[in-house]
Protein chains: 2
Amino acid sequence: MAKEITIYDIANQLQISPATVSRALNNHPAINEKTKVLVNAKAEELGYRSNKFASNLRKQSTSTIGVIVPRLNSYIMSTVLAGMEKIANEEGFNLIISQSLESQKKEIANAQTMFNSRVDGLLVSVAFDTDSFEHFQPFLKKKIPLIFFDRILENNNCPSIVIDNTKAGYEATNHLIQQGRSNILHITGNLQRNVYADRLKGYQQALLENEIPFQKEFLWETALNLEAGKEVAQRIKAMPNRPDALFIASDLCAVACISALKEMGIDVPNDISVVGFNNDPVAQVIAPKLTTIHYPAKEMGEIAVKSMINHLKGTMNLDKTNAITLRSELIVRESSRIIEHSA
Amino acid sequence: MAKEITIYDIANQLQISPATVSRALNNHPAINEKTKVLVNAKAEELGYRSNKFASNLRKQSTSTIGVIVPRLNSYIMSTVLAGMEKIANEEGFNLIISQSLESQKKEIANAQTMFNSRVDGLLVSVAFDTDSFEHFQPFLKKKIPLIFFDRILENNNCPSIVIDNTKAGYEATNHLIQQGRSNILHITGNLQRNVYADRLKGYQQALLENEIPFQKEFLWETALNLEAGKEVAQRIKAMPNRPDALFIASDLCAVACISALKEMGIDVPNDISVVGFNNDPVAQVIAPKLTTIHYPAKEMGEIAVKSMINHLKGTMNLDKTNAITLRSELIVRESSRIIEHSA
DNA sequence: CTGAAAGCGCTTACAG
DNA sequence: CTGAAAGCGCTTACAG
């Protein structure tokens with residue numbers, strides 16, 4: 001293996017000190033422009049590459065941001081991560097990504113790994129069953145900034161980046177009511193999580209405003225995945241009094257449910273109208289096309305990393321920031337349009 | 001900020017040398033078991049965490065594997081990454097992930113960042129338009145192992161992890177022929193990429209064996225995304241002699257195309273049967289359900305990282321490995337069954 | 001089984 | 001604008 005070039009090699013060849021080389025390479029304002037040019041040229045010539053480990057060791061910082069997500073392979077999360085990677089890459093930061101696989105236990109292990117990796121900051125969307133903040137305490141103690149996004153933990157003074165799930169839930173439900181529906185079944189995930197709890201709040205609020213009583217039997221907590229969608233359809237089929245609409249907190253689940261309903265001969269939207277959540281690409285390719293809430297996933301990722309980096313650079317202080325709320329949007333398509341069909 | 005605990009603190013409190021502490025912490029065989037127990041207990045007590053930067057600097061290795069993918073937010077890639085993360089996490093390695101966004105230019109920049117981050121190994125699936133190996137040469141020169149997966153670059157002595165795309169393409173096409181189809185349109189991506197070139201080979205092979213002439217007009221190179229699927233449907237509608245089957249090298253594109261065809265009143269599978277590729281969850285939730293090739297994405301990610309780590313640890317030498325081929329599988333569903341419909 | 005000592009490649013407070 | 005020197009926290013060849 002060829003020997004690595006260091007700042008000492010550059011310093012020797014240029015007959016200047018390593019300190020000057022280091023400063024020139026880092027574009028230190030006190031260094032003469034000509035020296036900088038010389039140093040950079042020589043660095044290029046020798047194929048120098050900075051040793052981040054020496055630098056990190058010395059500076060006691062890592063330019064690395066940790067990210068813990070429930071899973072990598074969901075539409076929302078992979079899109080959030082794509083946004084995060086984009087900004088981190090542009091800003092010269094590295095991302096260390098790990099997945100909790102919806103288990104608090106794995107999330108705790110991941111948090112510890114992140115801690116030991118000395119990430120400069122941590123971005124977290126929590127698992128289905130996380131009910132403790134304990135594993136994040138070490139970060140706060142060390143003043144390592146911690147930002148929650150999407151699925152957040154409350155009451156811990158950490159900033160969060162979310163959409164207004166209550167508003168989104170309200171709009172989804174209200175839209176169904178405007179279409180003349182009143183027996184609206186709400187299919188959701190673990191209600192311990194803000195995203196689902198808030199969507200439920202919005203659902204209830206819309207019912208209340210329209211003087212439709214909320215029925216516990218019309219609230220189903222599921223895994224919100226493909227399989228859950230099929231099961232929901234089965235259960236609906238068996239109901240003596242079927243709902244006339246569904247508000248399902250995930251598109252993939254909604255689409256699986258619609259597909260199963262159609263196989264049973266139940267017409268969507270005429271027998272049952274459906275609204276999903278996320279604006280997953282899948283929503284556009286089924287028939288009928290799925291009405292849903294657009295979730296700004298890429299933007300959420302970009303803003304999360306951007307906020308973190310600004311905070312780390314000191315250009316923005318997050319300590320006073322409580323929450324950043326992004327705009328979501330109801331997208332009406334055929335799955336909830338009862339009167340007319342699309343051409 | 002509380003002061004970080006180092007091995008010197010442990011050494012002082014235990015009245016032994018830092019060298020012994022270091023060895024005990026790393027479970028060095030020469031160290032007395034009792035000493036190890038003592039050191040570990042004290043480390044725990046003081047809240048010690050190893051400084052990876054000092055360790056990496058000294059050891060000249062990083063326990064970090066770089067991954068460059070075309071994009072994070074596709075079903076296949078996010079699933080591959082999920083598999084990679086799982087193994088890396090279990091083995092105590094970190095992953096640095098970046099996306100080329102299908103551009104060679106960005107891929108070059110990412111490769112350089114990986115190089116400067118001194119990854120111990122690099123895993124790459126190349127962009128649509130990558131036509132040079134130049135940006136990977138620095139890794140080979142430094143003997144940093146490089147493994148290609150899914151979209152590979154050939155003739156460079158790097159091991160690759162792939163499925164047998166030719167066989168998969170053959171099976172998909174042959175299945176359509178067995179169903180009585182003979183005007184089979186093949187929708188694919190950039191043919192510079194092995195995955196698409198090989199699927200085409202399989203397609204041609206199946207035609208040849210069945211004495212169906214290959215027609216250039218029945219091979220369409222597209223972006224293989226949702227929009228492309230819609231456009232394909234438009235173009236088909238305008239054709240005087242429409243194909244009776246489609247083999248589309250991506251499920252999402254296939255599903256978008258089916259959806260558009262149905263809106264035009266073209267029946268799938270009776271007018272046109274369709275086979276996709278990947279076994280994206282979306283394949284199961286449309287009507288008709290999509291016949292496709294199951295792509296072992298998670299396994300591919302797991303094997304890629306596992307192979308890399310084994311190589312780095314010296315338990316497996318990759319230098320003689322040319323390619324690891326994973327099993328793919330044709331999954332027949334309704335979109336290509338002409339005779340009978342599912343119950 | 002343990003220790004003393006050197007060194008990995010940087011950065012920066014201090015001095016000039 | 002530049003330099004000398006110390007130190008970040010480890011690991012390991014060498015010695016005993």
Side-chain angles (χ1 to χ4, degrees), chain A residues 1-40 42-43 46-64 92 94 115-118 120 142 313, chain B residues 1-40 42-43 46-64 92 94 115-120 142:
Chain A
M1 198 184 320
K3 193 191 154 294
E4 285 285 346
I5 304 298
T6 70
I7 54 172
Y8 292 95
D9 299 314
I10 299 175
N12 278 338
Q13 294 214 14
L14 256 29
Q15 296 291 356
I16 54 177
S17 78
T20 302
V21 173
S22 171
R23 291 193 186 100
L25 254 12
N26 290 304
N27 206 16
H28 188 106
I31 299 292
N32 188 311
E33 276 307 322
K34 285 175 189 161
T35 312
K36 284 185 189 172
V37 172
L38 235 49
V39 168
N40 281 307
K42 184 55 83 177
L46 298 178
Y48 168 79
R49 55 174 183 165
S50 165
N51 187 316
K52 286 201 180 163
F53 303 102
S55 167
N56 287 343
L57 176 57
R58 184 49 234 258
K59 288 198 297 189
Q60 305 282 47
S61 85
T62 66
S63 295
T64 296
N94 280 322
F115 190 67
N116 289 333
S117 296
R118 306 199 178 209
D120 282 350
K142 280 259 186 304
K313 286 187 176 168
Chain B
M1 196 183 320
K3 194 192 152 298
E4 285 285 346
I5 304 298
T6 71
I7 55 171
Y8 292 95
D9 299 315
I10 299 175
N12 277 338
Q13 295 215 14
L14 255 29
Q15 296 291 355
I16 55 178
S17 78
T20 302
V21 173
S22 171
R23 291 191 186 99
L25 254 13
N26 290 302
N27 206 15
H28 188 106
I31 298 291
N32 188 311
E33 276 308 321
K34 285 176 190 160
T35 312
K36 285 185 191 173
V37 172
L38 234 48
V39 167
N40 281 308
K42 184 57 83 177
L46 298 179
Y48 168 79
R49 56 174 182 165
S50 165
N51 187 317
K52 286 200 181 166
F53 302 101
S55 166
N56 287 342
L57 176 58
R58 184 50 232 259
K59 289 198 296 189
Q60 305 281 45
S61 85
T62 66
S63 295
T64 296
N94 280 322
F115 190 68
N116 288 332
S117 295
R118 308 199 177 206
V119 295
D120 283 350
K142 280 256 187 305

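Note: hydrogens, waters and symmetry copies are ignored here, and every other heavy atom, side chains too, is used. Proteins get letters first, then strands, A, B, ... in listed order; numbering begins at 1 in each. This is a predicted model, so every value here is computed, not measured.
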message = Show me the dot-bracket string of DNA chain C, counting Watson-Crick or G-U pairs under 3.5 Å, with | for pairs to another strand and [ ] for crossing ones.
response = |||.||||||||.|||
remark   = B:Q13 meets the side-chain hydrogen bond (donor to acceptor under 3.5 Å, both in side chains) criterion, sequence neighbours left out, with B:K42
ask   = Looking at A:A11 and A:P18, what are the two nearest heavy atoms and their distance?
value = CB-N, 3.7 Å
Phosphate contact (D:dT2 OP1 or OP2) by A:T35 side-chain N/O below 4.0 Å = yes
task = Measure the distance from CG on B:L25 to P on D:dT12 and round it to the nearest whole Å.
result = 13 Å
query = Quick one: side-chain hydrogen bond (donor to acceptor under 3.5 Å, both in side chains) partners of A:T62, sequence neighbours excluded?
reply = A:D120
task = May I have the distance from A:K52 (atom NZ) to D:dC10 (atom P), rounded to whole angstrom?
result = 21 Å
Sub-3.5 Å pairs of nitrogen or oxygen atoms, protein against nucleotides 4-8 of chain C:
| residue | atom | partner | partner atom | Å |
| --- | --- | --- | --- | --- |
| C:dC8 | O3' | B:Q60 | NE2 | 3.1 |

query = Cation-pi between A:R118 and B:F53: NZ/CZ under 6.0 Å from ring centre and within 45° of the ring axis?
reply = no
key: Interatomic distance, A:N12 CG vs D:dG3 P [rounded to whole Å]   = 12 Å
ask   = Closest nucleotide of DNA chain D for B:Y48 versus for A:H28: which of these residues is on the 5' side?
value = A:H28
inquiry  = My understanding is that only residues two or more places apart in sequence, or in another chain, count here; which of them pass salt bridge (Lys or Arg N to Asp or Glu O under 4.0 Å) with A:K313?
reply    = A:E91
ask   = Between A:N40 and A:A24, what is the shortest heavy-atom contact and its length?
value = ND2-O, 4.3 Å
message = Looking at every heavy atom in both B:N56 and B:S61, which two are closest together, and how far apart are they?
response = OD1-O, 2.8 Å
ask   = In whole angstroms, how far is the C1' atom of C:dC1 from the CG atom of B:N27?
value = 15 Å
ask   = In whole Å, what is the span from the CG atom of B:N116 to the P atom of C:dC10?
value = 11 Å
key: Spacing of B:F53 atom CZ relative to C:dC10 atom C1', expressed in whole Å   = 13 Å
task = Using whole Å, report how far CD of B:Q15 lies from P of C:dC1.
result = 22 Å
message = Tell me the closest heavy-atom pair linking A:D9 and A:T6, and the distance in Å.
response = OD2-N, 2.8 Å
inquiry  = Filter on side chain to side chain donor-acceptor pair (under 3.5 Å), then keep only pairs touching residues 21-31 of chain A, sequence neighbours left out; what's left?
reply    = A:N27-A:K36
request  = For A:N56, answer base if it contacts any base atom (sugar-phosphate contacts may also be present), sugar-phosphate if it contacts only those atoms, and nothing otherwise; contact means non-hydrogen atoms under 4.0 Å.
outcome  = nothing
Given DNA chain C, 5'-ward residue of the pair A:S22 and B:E33, judged by closest heavy atom = B:E33
ask   = C:dT2 P sits how many Å from B:N26 CG, rounded?
value = 15 Å
